[in-house]
Amino acid sequence: MLLVYAVIAGLLCWIISSGAPMWSRWSLYFGAPIIAGAFWGLVLGDLGYGLEVGATIMMAYLGLVAIGGSIPSDLALAGYLGVLMTMLSGADASVGLAIAVPLGVLGSLCSTAKMSLNPIWVHIADKYAAKGDTRGVILMNRVGSQVFPFLTYFVPVFLCVYFGAPVLETLMNNIPAKLLTILSLMGHMIPALGLGMLFNSIYKKSILPYLLIGFVFASYFGANTMSLAILGVAGGLLHLYFKKKEEAA
């Protein structure tokens, strides 16, 4: 089964990063960890564990923004490969962050290699265009442009899963308990960084009281996720109502 998982993971990372149409690729790409958690949870028969790992990894990337097409970390590898590797090793969801983040950096290198090599097909397509060969231009755009993305995504992901999963599982079983505790603490700190990045991008003085109210309810009253979500929606509606009233005045 490990071979099947390796092939599926490789194909998914390639399709989501390059192979799928742009409209579906970006929506799946930016939801990669949480969607990957649901997918691998269903495939491996443990949906709760998959969602827990995916949601934990997703927390680190909530504030991730693509600027000019440049993404500091690859969500396809951090999500689909990171979740799978964590689940196959049986590690705690928070430890999975320590696995996923370096994989995301590896993915950004794959993306750089893809974008650096792909212009080769553009020059070949130009030659076909000069000859009036539309079939050659279409072939370079649809097939040629996927050669390097397939090699730079499928191959590393396949090798990581097929050869790395057993090694990772053995490694996790032999890591000292203190080191696992440290990795777990680091895993709890990274989501805070992700939330901080998100807050930094949407911060306004006028919404600070809502953040403090939510913090008090979560920390001191033990409010669950659903009640906080309802409270957040109510607060957002109140904010819009008072803002419109001020504008009308």
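Nothing fancy with the numbering, it's 1 onward along the sequence.
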Checklist entry - Given L84 and M87, is the side chain to side chain contact (heavy atoms under 4.5 Å, CB included) satisfied, shown in steps? => result CA-CA 5 Å; L84 177 60; M87 293 186 72; 5.5 Å; no

Checklist outcome for this item: side-chain contact (heavy atoms from CB on, under 4.5 Å) with C13: of L75, L103, L77, only one passes, and it is L77

Checklist entry - Hey, which of W40, F158, Y80 is the one that makes side-chain contact (heavy atoms from CB on, under 4.5 Å) with I8? => result W40

Item to check | Under 4.5 Å side-chain linkage, directly or through intermediates, the cluster mates of L237 | outcome: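 When side chains under 4.5 Å apart are linked, the cluster holding L237 also contains V233.
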
Please report the closest heavy-atom contact between [X] and [Y], naming both atoms and the distance.
| X | Y | result |
| --- | --- | --- |
| P33 | M58 | CD-SD, 3.4 Å |
| A76 | I16 | CB-CG2, 4.4 Å |
| G235 | Y210 | O-CE2, 3.6 Å |
| T86 | S89 | O-OG, 2.9 Å |
| A100 | A78 | CB-O, 3.5 Å |
| M85 | C160 | CE-O, 3.5 Å |

Checklist entry - Run the side chain to side chain contact (heavy atoms under 4.5 Å, CB included) check on N141 and V137 step by step: do they pass? => result CA-CA 6 Å; N141 277 275; V137 174; 3.6 Å; yes

Flag yes if [X] and [Y] sit in one hydrophobic cluster, no otherwise; membership is Ile, Leu, Val, Met, Phe, Trp, Tyr, and two members link when side-chain heavy atoms are under 4.5 Å apart.
| X | Y | result |
| --- | --- | --- |
| V83 | M1 | yes |
| L231 | L238 | no |
| V4 | V155 | yes |
| I213 | I230 | no |
| F154 | L3 | yes |

Checklist entry - In terms of heavy-atom contacts, does CZ of F217 have more than 12 from other residues, nucleotides or ligands at under 6.0 Å? => result no

Item to check | Test side chain to side chain contact (heavy atoms under 4.5 Å, CB included) applied to V147 and N118, step by step | outcome: CA-CA 8 Å; V147 172; N118 253 2; over 6 Å; no

Item to check | F150 ring center near W14 ring center (under 6.0 Å) | outcome: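 So the answer is yes for these two rings.
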
Next on the checklist: I want to know whether W121 and F148 have ring centres closer than 6.0 Å.
Outcome noted: yes

Item to check | Y5/Y162 under side chain to side chain contact (heavy atoms under 4.5 Å, CB included): CA gap, chis, key distance, verdict | outcome: CA-CA 8 Å; Y5 296 151; Y162 191 70; over 6 Å; no

Can you find a pair of side-chain heavy atoms, one from [X] and one from [Y], that are under 4.5 Å apart?
| X | Y | result |
| --- | --- | --- |
| Y128 | T134 | no |
| V161 | V7 | no |
| S227 | N224 | yes |

